[in-house]
Amino acid sequence: DRAFAIIRDGSNNDSSTSVLELMEAAAGNSKDPTTTTKNDGDGDEKKKKQTHNKNDSSNPHEIQAVCSTQIKSHIWLATSREDKTLSLYCIPSTTKLKEGNHQEEQTAAKGIYPYITYKLPKRARCLAFCAVPSLSEKSCHVIISGDLSGDAIAFPVPTTASSSADNSTIVPETTTTRRLLLGHTASILTGLNIVPTTWEKKPQQFILTADRDEKIRVSNFPDTHIIHGCLLGHSSFISTMDAAVFAVSNGATKRALCITGSGNGTVRLWDYQLCKEVGMVPVVIKKCSDGEKKPEKKEMAAGEQGGEDMECEEGDDEDFDEFTDDEQSFGGHTIAVPLSVALSPNAENVIVARDGIASIDIHPIPQQQTTKSSSSSSLLLSHLVSLHKKQTLECTSQPLAVKCLSDGSVLVLVREPDYLLHFQCTDAGEYKNISSSSPFSLALKGAVTSEDIIMPLTTLEMDEEGGWLLQKSE
């Protein structure tokens with residue numbers, strides 16, 4: 001139920017790295033419309049109304065999603081919580097957040113309060129900042145939430161901000177300063193990305209929305225009533241998604257790629273402009289283990305249910321759906337559901353973290369040679385290929401999320417006591433663990449170690465019987 005942001009001032013060794021804790025809006029804020037005054041005879045006392053109707057075991061402060069961006073000279077951060085709130089935070093990008101020696105270890109995170117908190121109709125599982133195209137020079141920025149009712153709703157990002165608790169504003173659910181962009185009927189949004197196109201003559205943006213019903217919709221943005229197409233092929237809920245435009249062939253051409261993971265264990269690579277699948281990561285299964293025994297893993301061939309290090313033939317994915325939908329057992333093994341995926345800069349690798357496996361896998365994306373006459377469609381892989389594993393990076397505990405930085409390195413959120421691992425790509429194309437010297441890893445660990453923070457076992461919600469809540473019942 002706690003969120004932190006790591007801010008690094010510059011990229012050289014002398015740059016400072018600070019950790020900020022994203023606090024909730026002050027409970028006594030008079031601008032909170034859910035706060036009422038009650039006179040019990042002993043004086044006026046402010047009491048907070050209950051805004052959730054879950055059982056006592058639920059945590060109304062639990063973090064559901066986070067995101068960040070830089071708008072001009074300010075860094076904007078966002079968190080959504082179990083209590084159906086969306087909080088926006090803002091700090092100047094040029095402010096020195098840590099005084100004194102740049103190399104001094106930070107022993108506690110500095111708390112900042114939201115500038116504005118929106119009340120949501122449903123919990124938001126995914127968030128994204130974006131700029132709305134405008135004919136005027138003054139651009140408009142919004143934060144988009146994807147919620148449990150399948151709706152994507154845009155909220156305005158203020159033009160001025162503060163991180164003071166006294167200036168925090170809570171906006172009720174009935175406010176008109178929001179816009180419903182689109183909805184997935186009778187479904188739940190599990191992923192959301194705002195991405196550009198590669199069309200030079202008519203540049204525009206798409207909004208990619210993934211749901212529990214196995215599909216990813218590609219819609220125009222901000223004209224979201226125009227559906228460009230859908231990415232179809234998964235047979236279970238979409239558990240994770242990442243997408244971006246990548247420059248290839250020395251920047252002369254670009255590729256619009258999306259990577260998705262599903263509850264059936266598959267990870268698929270798409271060209272979201274053509275709405276075409278171009279690659280797949282083989283299904284990984286984990287050995288059923290007792291207690292804290294580290295699970296073993298192996299890759300299954302299409303149509304096979306045994307053997308080790310077996311992978312599908314290129315372009316053959318028709319039998320992958322044998323391993324779908326339920327937590328089925330295959331000779332003492334179960335499917336390892338992807339928890340997080342990421343695309344590295346220049347679309348060189350796919351990084352995958354899976355539930356129940358204390359490691360992440362690196363899968364290279366085949367690079368096709370192009371000529372000056374090559375069209376964007378010819379840059380696609382000629383046929384559906386299997387993205388075979390190149391390297392496995394061992395983690396100290398269950399990886400919960402992966403993120404690629406602009407320098408090609410990979411950050412991995414893990415459980416305590418390490419919290420954050422950092423892997424750097426060498427000139428030989430291999431990744432090595434640099435967490436012991438990483439300013440990001442050291443800053444976060446130094447700031448939260450004394451807090452005794454316990455990380456979740458997984459980022460996917462489970463029912464009382466241990467099944468995935470996103471998994472549809474038959």
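Quantities reported herein were computed from a predicted structural model and do not represent experimental measurements.
Residues Leu339 and Gln398 have side chains in contact (heavy-atom distance under 4.5 Å, counting atoms from C-beta outward). Residues Val352 and Val350 meet the side-chain proximity criterion, which asks for heavy atoms closer than 4.5 Å. Using a 4.5 Å cut-off on side-chain heavy atoms (C-beta onward), Leu127 and Leu86 make contact. Using a 4.5 Å heavy-atom cutoff, the side chains of Phe221 and Leu181 are in contact. Proximity of Leu400 to Val414: side-chain heavy atoms (C-beta onward) are nowhere separated by under 4.5 Å. You'll find the side chain of Ile216 reaches within 4.5 Å of the side chain of His234, heavy atoms only. Counting heavy atoms from C-beta outward, Gln424 and Tyr431 have side chains that stay 4.5 Å or more apart. Side-chain contact between Leu22 and Phe4: absent, with no pair of heavy atoms (C-beta onward) separated by less than 4.5 Å.
For Tyr272, the ring pair (Phe, Tyr, Trp, His ring centres under 6.0 Å) test picks out no residue, with sequence neighbours left out. Contacts of Phe440 classified as ring pair (Phe, Tyr, Trp, His ring centres under 6.0 Å), with partners at least two apart in sequence or in another chain: His422. Residues satisfying the salt bridge (Lys or Arg N to Asp or Glu O under 4.0 Å) test with Lys122, not counting sequence neighbours, are none.
Remark: side-chain polar atoms of Thr240 are paired, donor with acceptor, to backbone N or O of Val341 under 3.5 angstrom. Side-chain atoms of Arg217 never come within 3.5 Å of backbone atoms of Cys230 as a donor-acceptor pair (strictly under, hydrogens ignored). No donor-acceptor pair closer than 3.5 Å links the side chain of Asp151 to the backbone N or O of Ile153. With hydrogens and angles ignored, the 3.5 Å screen pairs no side-chain donor or acceptor of Tyr118 with any backbone N or O of Thr177. Put simply, the side chain of Thr392 never gets that close to the backbone of Asp361: no donor and acceptor are under 3.5 Å apart. The backbone N or O of Ala124 sits less than 3.5 Å from a side-chain atom of Ser80, completing a donor-acceptor pair. Put simply, the side chain of Asp418 never gets that close to the backbone of Leu420: no donor and acceptor are under 3.5 Å apart. No donor-acceptor pair closer than 3.5 Å links the side chain of Thr190 to the backbone N or O of Arg212. For Arg354 (side chain) and Ala336 (main-chain N/O), a donor-acceptor pair under 3.5 Å exists by modelled atom type. At distances below 3.5 Å, not a single donor-acceptor pair connects side-chain atoms of Asn193 with backbone N or O atoms of Val195.
Across every non-hydrogen atom of Met241 and Leu192, the tightest pair is CE-N, 3.5 Å. Summarising the geometry of Gln471 relative to Phe237, their closest heavy-atom pair is OE1-CE2, 3.5 Å, with the distance given to 0.1 Å.
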**Message:** side chain to side chain contact (heavy atoms under 4.5 Å, CB included), that's the test. Do Phe423 and Lys432 meet it? Break it down for me.
**Reply:** CA-CA 5 Å; Phe423 295 91; Lys432 65 176 183 179; over 6 Å; no
**Item:** Test side chain to side chain contact (heavy atoms under 4.5 Å, CB included) applied to Cys404 and Leu343, step by step
**Value:** CA-CA 7 Å; Cys404 290; Leu343 289 165; over 6 Å; no
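Ion pairing of Lys84 with Asp147 is absent here, as no side-chain N (NZ or NE/NH1/NH2) approaches a carboxylate O to less than 4.0 Å. The pair Glu21-Arg2 meets the salt-bridge criterion, with a side-chain N (NZ, NE, NH1 or NH2) lying under 4.0 Å from an Asp/Glu carboxylate O. Under the 4.0 Å criterion applied to side-chain N and carboxylate O atoms, Arg125 and Glu461 are assigned as salt-bridge partners.
In this model, no donor atom of one side chain and acceptor atom of the other lie less than 3.5 Å apart for Ser219 and Thr224. Between the side chains of Arg268 and Thr260, not a single donor N or O lies within less than 3.5 Å of an accepting N or O. In the model, Gln64 has a side-chain atom that pairs as donor or acceptor with a side-chain atom of Arg123 under 3.5 Å. Checking Glu24 against His61 by side-chain atom types alone, a donor-acceptor pair falls below 3.5 Å. For the 3.5 Å distance criterion, the side chains of Asn433 and Ser435 qualify, holding a donor opposite an acceptor.
Between His141 and Phe129, a ring centre-to-centre spacing not shorter than 6.0 Å is recorded.
Note that the CD1 atom of Ile188 and the CG atom of Asp211 stand 9.0 Å from one another [nearest 0.5 Å].
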